[in-house]
Protein chains: 4
Amino acid sequence: MHRGNRHGRSEQARLAVLHAADDLLVENGFARLTVEGIAQRAGVAKQTIYRWWPSKTDILFEAFVTDAAEEITPPDTGDLTRDLITYLGALARFLTASDAGAVFRALTAESQHDPALAARLRQEHWTGQRVRDRQLLQRAVERGDLPAMADLDTIVDRLVGPLYYRALVTGQEITTEFVTELVRATIDAK
Amino acid sequence: MHRGNRHGRSEQARLAVLHAADDLLVENGFARLTVEGIAQRAGVAKQTIYRWWPSKTDILFEAFVTDAAEEITPPDTGDLTRDLITYLGALARFLTASDAGAVFRALTAESQHDPALAARLRQEHWTGQRVRDRQLLQRAVERGDLPAMADLDTIVDRLVGPLYYRALVTGQEITTEFVTELVRATIDAK
Amino acid sequence: MHRGNRHGRSEQARLAVLHAADDLLVENGFARLTVEGIAQRAGVAKQTIYRWWPSKTDILFEAFVTDAAEEITPPDTGDLTRDLITYLGALARFLTASDAGAVFRALTAESQHDPALAARLRQEHWTGQRVRDRQLLQRAVERGDLPAMADLDTIVDRLVGPLYYRALVTGQEITTEFVTELVRATIDAK
Amino acid sequence: MHRGNRHGRSEQARLAVLHAADDLLVENGFARLTVEGIAQRAGVAKQTIYRWWPSKTDILFEAFVTDAAEEITPPDTGDLTRDLITYLGALARFLTASDAGAVFRALTAESQHDPALAARLRQEHWTGQRVRDRQLLQRAVERGDLPAMADLDTIVDRLVGPLYYRALVTGQEITTEFVTELVRATIDAK
DNA sequence: TTTTAAGCGAGACGGTACGTCCCGTCTTTAG
DNA sequence: CTAAAGACGGGACGTACCGTCTCGCTTAAAA
């Protein structure tokens, strides 16, 4: 088995750390997530962690980026309203009920006090996510379902913003009715 | 001078702690905000802090609740569109540029990993804030500027949600154009 | 009941403190004897203790001086050897098995690092105790049972020294045989 | 330089702690000897102290056992009386005037309230010290200077007991005359 | 085939902050 | 004026993790 030597790092150790961090975050919350705890759970030396990750948020980041992108990729069936309702429902579930969402919430929380993490989230997550979010609307424009001069960026924010707001900020429940009304009022009224 | 005895705690110590916590948060960020640091800055014994506040977030909470409410109270001039644009602009400034907003962001961040804090924020902040946010729309309904059967809760979320989203989640800038377009699309189209 | 007012100090509080200190010392040992603990046990305010006793050793001192003197007063039946054996046996029991002895051991221990306490012990205890110890020998001299030019001070130390040594320093058991042999060798051989 | 790793602790840190404890005890007395103070003086982390020593008395104990044994080892010139006078004089100086004696007094004092320390002192100090003390008499017996059936244990206690008593308990001065008379009365009279 | 150097588990290290305990001082109200 | 009550500023406690470091083992490419 590959355990790490002069010719490269141990993939086994890397995965053990990522999974341990993920598990411990979900089990105990971010506040009780420690590098020592991750090392012990992963059966790995602390130094191995510090060799490859500058901080515990970087571990979470790596765990997040790899498996979170596809969880919140919008569908594309050609029916804009239906696609949006499906997508926003999946987004709500991601934010409030999934393990990957827990990691995302932890990272977003930390980014409030950590500008470097905030920048990294913007570059490595939001850039791509915004493109994915726009694509759904872009294709609707191309189909003629939305007017060509619509400000897609603003529309994206008007659609997903209230969901993130409820999920991360006020903690209000996100019902099917809320999502339906949100989509109807934002899209159909145009 | 009142120094605290059997008949009550020291108001002087209480204020010194609140101000020290506020100052240190703004100066150094949440990560470097320590109870020992607050005690030292406030000229207060650590035990005095632990006697009255269970954790450093409770200190921030008390500092926040007292002075933050009025900072984000919507105006009421009778012109809904103008009031909304004014209010959302003030909200954006609060979230991104004010000291009280820094405390708010720190509390919201911590509430991601602290359900008790999340519950307290809902009860002691959001309950009141939601009422204040609705009032602006409620008065417009009473004036006949909005249809009577409008779902005001959803409209509130559609107005403020995108702002919190940009300010706390994606970190995008909140321009005047964005606010104007948001209000126009949400209100005027009705 | 007298509880202390402008006409003088409360004897009730004084006794409650002395007994509480005594009890707590025997129950928990000196290390866990605290002023707060004594105050609580005695049902007395901390300030009342600090008003009358400079430190917790002073409380113990007062408790000791009052009731310990008579516990180790030598007998006087006219039979020097028998009196000495009786006395040294009582002294051994005092040092190793009595509550008053526990207080004495604690005070002697503290006096190793507290010169003021050491001085007070010398003046208020040892001065008198030495006189009491000498009297036994003095009367034997007067009866002609000891030579007139005997150095009584040294004889006292040669008699009690080994007991204190075993009880406080090495922790060896003090048997009847040890006491008997000690007295025989010290007195009878003269 | 050896800094401590899985293969053993740092000898450098160990010695720094022992010397710091010794110095601070002599400078400030036992009451003001704190683990934090030792750590700071030794340039060592508190955790390093707690990792290897259960309490500050264990630090003193280690400092004492290593260097105190030889300070109070009796001489052996073949002249019992002279050897005893020399030895008891050195013992008196050790108890009242040496740094190692200060550590010894502190440990003996603490052992009054700490049975574990008392047991450790008996096992690791007194067992050996008693053998060393007896040897002087044992050799005198072998030379015929003392009767073969003498109870050497009791004689040891009768010689050193009064010294410990004066040094640790009553605080009386230990003069040359006192030592001379003690040896004369104990030995020569046999 | 042997050497060698990087990655590894282990864990001691100097350090910071934690939350608790107790110190000795103080202020208030009651008797 | 003494007492009970108890909040206060202070200091040390013993613990948990931080991020750094050294050690001896494993291992695969280089010599």
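Just so it is clear: chains get the letters A, B, ... in the order the sequence lines come, proteins before strands, and each one is counted from 1.
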If you look at every strand shown and take non-hydrogen atoms under 4.0 Å, does C/W53 touch a base, only sugar-phosphate, or nothing? nothing
Side-chain donor/acceptor contact of C/K46 with base of E/dG24 under 3.5 Å: yes
Can you find a donor-acceptor N/O pair under 3.5 angstrom joining the side chain of D/Q47 to the base of E/dC13? no
Remember a base hit wins even if backbone is also touched, and classify C/G43 as base, sugar-phosphate or nothing at under 4.0 Å, heavy atoms. sugar-phosphate
Do the side-chain N or O atoms of D/T48 get closer than 4.0 angstrom to the phosphate oxygens (OP1, OP2) of E/dG14? yes
Set of side-chain hydrogen bond (donor to acceptor under 3.5 Å, both in side chains) partners for C/K46, sequence neighbours left out: C/E36
Look at the side-chain N and O atoms of D/W52 and state whether any lies under 4.0 Å from the OP1 or OP2 oxygen of E/dA12. no
Could you tell me whether the phosphate oxygens of F/dT2, OP1 or OP2, come under 4.0 Å of any side-chain nitrogen or oxygen in C/R51? no
C/E110 with C/K56: basic N within carboxylate O range, under 4.0 Å: no
Can you measure D/Q40 atom CD to F/dC13 atom P for me and round it to whole angstrom units? 12 Å
In whole Å, I'd like the distance from the CZ atom of A/F30 to the C1' atom of F/dC17. 14 Å
Quick note, ring-ring contact (aromatic ring centres under 6.0 Å, His included) partners involving residues 20-63 of chain B, not counting sequence neighbours, are A/H113-B/F30
Is it true that B/E62 and B/R14 make a salt bridge, defined as a side-chain N closer than 4.0 Å to a carboxylate O? yes
